[in-house]
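In this chain, residues are counted from 1 in sequence order. Just so we're clear, the structure is a prediction, and the values are computed from it rather than from any experiment.
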Amino acid sequence: MWAALPSTAFAPPTAGFVHKAPSGIHEMGGYSSSSTTLTRLNAFVPLDDVATFASSTQMLATSAVPMLEGTLNSALSSSLDMASGILTSDNIKVAFSVATFFPQLPWLFLILLPNAGITKKLLGGYEIVTICCLVHFFIVTASIVQPDGTAPMAEFSDVFDPAGDPQKAMLGMMQYPNFVSEEWSHVLTWDLFVGRWIWLDGLKRGIFTSHSTLGCNLIGPPGLLLHWLTCVLTGKGLPGNEADLIEDNED
């Protein structure tokens, strides 16, 4: 039975199989040339289709760039329109009222309930002061984008001209509503910041502070002076150099 089989029965098949030779190697020892390989590849994926696909991809990319630019420009324009609708003179007036009345609630806690747990929870951190800072920042930002800004820079520089009349220059700037709004919220925010510090110093060293925080709310810096006086009269003394305390802790 085995003798009846031809000698070529166990020979490796060669017909119809083409092996791709590495680039630059000519046909030899069973390897086909690169042109034959391209011919075989073209039988599966016509090269004309590949060229058409590449051309279509390039056209798509070319048309996508203007489309993307248009989308970005539209989004930017919408954002600017939204911002211009928020940063208005009317909203500056609203922010002015917020800057005026919002701090009065924490002041009541500082003055009337300095040792209460709710006061410590509300003002122990910086959240309330930060809100006031953000309101002031909004007023400044909204004022800058207005046609007249906060006030003409030439007049503002006159306030810091020692050879001129700084007080008169400041009075002149008070005619600009946006400048008044910025300065008012500026003062109220820092008053609250200092009043909070007075209250904290009183808590740490056991000093009565209600009269000092009230003075700070009404007239600002004299409230701090009143606290210094209270510290001296009660024998607590003025606060030490806090920077030295920080260095001691680091050591």
Side-chain angles (χ1 to χ4, degrees), residues 95-140 150-151 156-174 179-251:
F96 181 90
S97 296
V98 173
T100 301
F101 298 110
F102 173 75
Q104 303 315 312
L105 181 61
W107 275 119
L108 289 176
F109 286 100
L110 290 176
I111 296 167
L112 300 177
L113 301 169
N115 297 311
I118 187 173
T119 305
K120 295 175 182 178
K121 182 173 294 187
L122 284 175
L123 291 153
Y126 288 95
E127 293 83 1
I128 298 295
V129 174
T130 300
I131 291 174
C132 295
C133 291
L134 290 173
V135 173
H136 175 261
F137 180 74
F138 172 82
I139 292 174
V140 172
T150 53
F156 187 75
S157 62
D158 290 341
V159 176
F160 297 94
D161 182 7
D165 189 345
Q167 184 186 49
K168 182 180 179 180
M170 190 69 175
L171 288 173
M173 294 182 69
M174 288 298 177
F179 178 78
V180 173
S181 300
E182 184 277 327
E183 285 297 301
W184 181 240
S185 60
H186 179 164
V187 169
L188 293 181
T189 299
W190 288 133
D191 282 352
L192 181 61
F193 183 85
V194 176
R196 175 184 173 276
W197 184 90
I198 292 172
W199 166 71
L200 286 174
D201 185 55
L203 288 179
K204 288 187 290 186
R205 301 198 292 146
I207 302 170
F208 181 73
T209 59
S210 292
H211 61 306
S212 301
T213 51
L214 175 61
C216 191
N217 183 26
L218 296 177
I219 51 179
L224 181 60
L225 295 177
L226 184 58
H227 179 62
W228 294 153
L229 180 62
T230 305
C231 293
V232 173
L233 293 179
T234 57
K236 300 292 185 177
L238 298 178
N241 189 322
E242 296 182 7
D244 288 341
L245 296 177
I246 295 173
E247 291 175 359
D248 291 341
N249 290 334
E250 290 178 350
D251 295 339

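Legend: side chain to side chain donor-acceptor pair (under 3.5 Å) pairs involving residues 116-125, not counting sequence neighbours: none detected.
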All N/O donor-acceptor pairs, side-chain side in residues 125-134, below 3.5 Å, sequence neighbours left out:
residue: Thr130; atom: OG1; partner: Tyr126; partner atom: O; Å: 2.7

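Annotation: the span from Ile198 atom CD1 to Phe193 atom CZ amounts to 11.5 Å, rounded to 0.5 Å.
Proximity of Asn217 to Gln104: side-chain heavy atoms (C-beta onward) are separated by under 4.5 Å at one or more points. Thr213 has its side chain out of reach of Pro114: every pair of non-hydrogen atoms, C-beta onward, lies at least 4.5 Å apart. Looking only at side-chain heavy atoms (C-beta outward), Pro106 and Trp199 stay at 4.5 Å or farther from each other. At least one side-chain heavy atom of Ile207 sits less than 4.5 Å from a side-chain heavy atom of Asp201.
The shortest heavy-atom contact between Leu123 and Arg196 is O-NE, 2.8 Å.
In this structure a side-chain-to-backbone donor-acceptor pair under 3.5 Å is present from Arg205 to Gly237. Ser212 places no side-chain N or O within donor-acceptor distance of the main-chain N or O of Leu224, the cut-off being under 3.5 Å.
Crowding of Phe102 atom CZ: a count of heavy atoms from other residues, nucleotides or ligands under 6.0 Å exceeding 12.
Under the side-chain contact (heavy atoms from CB on, under 4.5 Å) criterion, Asp191 pairs with Trp107, Val187, sequence neighbours left out.
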